[in-house]
Amino acid sequence: MEKGKFYITTAIAYTSRKPHIGNSYEIVLTDAIARYKRLQGYDVFFLTGTDEHGQKIEEYAKQAGVTPKQYVDKVAGEIKGICDTLNTTYDKFIRTTDDYHEKTVQKIFKKLYDQGDIYKSEYEGLYCTPCESFWTESQLVDGKCPDCGREVKKAKEEAYFLRLSKYQKQLEEYIEQNDNFIYPESRKKEMLNNFIKPGLQDLCVSRTSFKWGIPVTFDDKHVIYVWIDALSNYITALGYDPDGSSEQYKKYWPADVHIIGKDIVRFHTIYWPIMLMALGEPLPKQVYGHPWLLFGDDKMSKSRGNVIYADDLVKLLGVDAVRYYLLAEMPHANDGSITYKTIIERYNSDLANTLGNLVNRTIAMSGKYFGGTVMEPVCEEEVDNELKTAAKSMVENVDKYINSYRMADAVEAVMSFAKRCNKYIDETTPWALAKDESKKGRLGTVLYNLLESIRFIAVLLSPFMPDTSKAIFEQMNCNVNSYDSLSSFGALKPGSVVGTPTPLFARIDSEKMLAEIEEAQKKAAANEKTIEEIEGVAKIGIDDFAKVDLRVAEIKDCVPVKRAKKLLQLTLDDGTGKDRTVASGIAQWYKPEQLIGKKVIVVSNLKPATLCGVESCGMILAADCAENDVKVVFVDGMPNGAKVR
RNA sequence: CGCGGAGUAGAGCAACCCGGUAGCUCGUCGGGCUCAUAACCCGGAGGUUGCAGGUUCAAAUCCUGUCUCCGCAACCA
């Protein structure tokens, strides 16, 4: 059944480091939609890939002692590996370092320049020479460089700009007239009110401060900055060319939907459409900004050993369980949260108990009562209609939910139908029917209805859990798996013979697995720590230490710094007779009254700096006792101003 | 008053735009069943929807105020 084309993309992943499971959500979400559309008969093109240029990568590569290209090759390989591990069916994996991409981007840049949409000007800012960085007025700390505290001066850097202002009106109209362009709705308001209506500033699209990028062909000091490079991937991948595009491009563009994280909605709904307008190409039909998947209450960090990678999770639970979890646990509007405990709970209750057990018991009964033969449904009863109605509404609901990107609800719709099937077994009590030879017809009908229901489930599950879907069809020894076969209840052919039941998902001993995971995390954390210690801190000489002037001082007064969450302003008596003011980031751990009167050690010759409007002269010593636990070093019985060494 | 999001049963969420008996999953307690993976089915307990006002016949839902939490920004000298 031909339904037309469907072009869907993920954002391309930045190759700075291996992505954790939260980053992998997007590819699974997109894959589920792509698979569903294919199932329905659309001619789908699904694009994903990697964004590989930029200063950060240049720096990471340098740190790692490899070339940028070597660096991105490695990370892009890891990212692609994860996509494959998660069993995603992208049609193309683009890398922004691909030759054809770079060439086309250069052409795009040139074209926009030639037609006047890109112009050369100067990037004006405040420059810190030692740091080689530009800062904006608001970034400065007390009018000085936020990194090193030195003076900055006004400086100009040559750069190319994209004329956003020219297309502002046009974009605003487009967004307002195309209700579904930015989804969900709340993001649309955000874009219009916060960025577009106040007026768009022309966008800086080139850099001279680093080299790892696509060079501007007609001005080799410059490389093309992220926007034109990265966003263009959606069209270069298809074979767009300003001098004449491929058939594939003509067929698939414009994209039906770009699936992206909520943090980059702005780039995809403002910069990208304007680039396309300037190129004279049609705009994507929709941009969906999805929420993020977070980790319980803790942020993941390597040193705590709680980073979760998709491939580790897959080893533990299998691909489909991971896919299922990602899709089911993610709320539609808010950020989701992930913990091992909830993963295992969901696995046991939904996959093992509800779904796996349903399939298992049904096929087992088929084998036991009819030698596996699927019987003709000859003896219908009223309850059967309820089951059939439920099957039908599952099909409708899944469609409705997927089309509005409510994957958790779509998956839930399938699961609640599985529950309905389990209930049907209780209502019809096949084991009781089996004891009565005269009820054989009814028993066959009940099992037929169950098998057909499971077939419905298997078909609709295929976008979410492809392997499981396949396994169910294999166990049923059935190949009627088209979407069209769901148009009416009863496509399963009587007379066929089901296979032997094998549990789809073995139950997990939650406590045991959690204990094992904790063990592994401890090990990982310990490893990470050792590395830190070895790499540790460089040795210094006595003369270096002598440069630091430490003094005993008494805290005479202490008040919180307004507008700052973490700062306390301390007034110290350091024996000089003059008050010394120090701002310290310990508000989280100490109340002012706990500090007044105490003696501490202060680094007295630290260069003053202004923090949240308070001039801080020096710092007091405190110890990091644990993650998120800091204790000030208090001393006792020493005169104010005494030198510490 | 920097920007934004959120506060609903023990936990996680839905309903909020477009007021009308607060629903789902997990957990818990009791019962049932035995085909099945200690699974499945039924029932109970558990919420004055953060707090205080207002509008209304009627407020989780609309309005005002207030408290708390979480992101981002600024800041841990």
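Each chain gets a letter, A, B and so on, in the order the sequences are listed, and its residues count up from 1. Note that the structure is predicted; figures quoted are calculated from it, not measured.
- To the nearest 0.5 Å, atom CG of residue A/Leu451 and atom SG of residue A/Cys421 are 10.5 Å apart.
- Distance check on atom C1': B/A22 versus B/C33 gives 32 Å, rounded to whole Å.
- On the P atoms, B/U25 is 32 Å away from B/C63, given to the nearest whole Å.
- Each of B/U37, B/A77, B/C41 was ranked by its minimum atom distance to the side chain of A/Asp426; first place goes to B/C41.
- A close approach under 4.0 Å does occur between a side-chain nitrogen or oxygen of A/Asn353 and OP1 or OP2 of B/C40.
- In the displayed structure, A/Lys388 atom NZ is contacted under 6.0 Å by more than 12 heavy atoms of other residues, nucleotides or ligands.
- As rounded to the nearest Å, B/A73 and B/U66 have C1' atoms that lie 25 Å from one another.
- A gap of 25 Å separates the P atoms of B/C40 and B/G46, to the nearest Å.
- A heavy-atom distance below 4.5 Å is not found between the side chains of A/Leu351 and A/Leu504.
- A search for salt bridge (charged side-chain N to carboxylate O under 4.0 Å, His left out) contacts involving A/Lys400 returns nothing, not counting sequence neighbours.
- Side-chain proximity of A/Arg406 to B/C35, B/A15, B/C26: nearest is B/A15.
- Considering only side-chain N and O atoms, A/Lys368 lies under 4.0 angstrom from the phosphate OP1 or OP2 of B/A36.
- For the P atoms, the distance linking B/G65 with B/G5 amounts to 15 Å, nearest Å.
- Straight-line distance between the P atoms of B/A74 and B/G12: roughly 31 Å, to the nearest whole Å.
- With distances taken from any side-chain atom of A/Tyr369 to the nucleotides B/C35, B/A77, B/A39, the minimum falls on B/C35.
- Using the Watson-Crick or G-U wobble rule with both distances under 3.5 Å, B/G43 pairs with B/C29.
- The residue among A/Tyr424 and A/Glu412 whose nearest nucleotide of RNA chain B lies closer to the 5′ end is A/Glu412.
- Residue A/Arg507 places at least one side-chain N or O closer than 4.0 Å to OP1 or OP2 of B/A39.
- Rounded to the nearest Å, the gap between the P atom of B/C35 and that of B/C16 is 45 Å.
- Side chains of A/Gln569 and A/Asp557 form no contact here, defined as non-hydrogen atoms less than 4.5 Å apart.
- Residue contacts shown for A/Asn422 are limited to sugar-phosphate atoms, with no base heavy atom under 4.0 Å away.
- The side chain of A/Lys423 contributes an N or O atom lying less than 4.0 Å from OP1 or OP2 of B/C42.
- Taking 4.5 Å as the limit, some side-chain heavy atom of A/Leu313 sits within range of a side-chain heavy atom of A/Ile343.
- A 3.5 Å limit on both hydrogen-bonding distances identifies no Watson-Crick or G-U partner for B/U37.
- Taking atom C1' in both B/A45 and B/G27, one finds a spacing of 13 Å when rounded to whole Å.
- The partner of B/A52 is B/U64, by the rule that a Watson-Crick or G-U pair needs both atom distances under 3.5 Å.
- Looking at which nucleotide of RNA chain B each of A/Arg346 and A/Pro503 is closest to, the 5′-most match is held by A/Arg346.
- Taking a 4.0 Å limit (strictly below) on heavy-atom distances, residues 430-442 of chain A reaches RNA chain B at A/Trp431.
- The structure places CG of A/Leu317 at 5.5 Å from CE of A/Met513, a figure rounded to the nearest 0.5 Å.
- Across all strands shown, B/C75 remains unpaired; no Watson-Crick or G-U wobble contact has both distances below 3.5 Å.
- With B/C26, B/U37, B/C35 as the candidates, the nucleotide lying closest to the side chain of A/Glu345 is B/C26.
- No side-chain donor from either of A/Tyr347 and A/Ser510 sits under 3.5 Å from a side-chain acceptor of the other.
- Going from atom CZ of A/Arg361 over to atom C1' of B/A39 covers 8 Å, rounded to whole Å.
- For residues 439-454 of chain A, the set of pairs meeting the salt bridge (charged side-chain N to carboxylate O under 4.0 Å, His left out) definition, not counting sequence neighbours, comprises A/Glu381-A/Arg442, A/Asp384-A/Arg442, A/Asp436-A/Lys439, A/Glu452-A/Arg455.
- Across all strands shown, B/C70 is found opposite B/G4 as a Watson-Crick or G-U wobble partner, with both distances under 3.5 Å.
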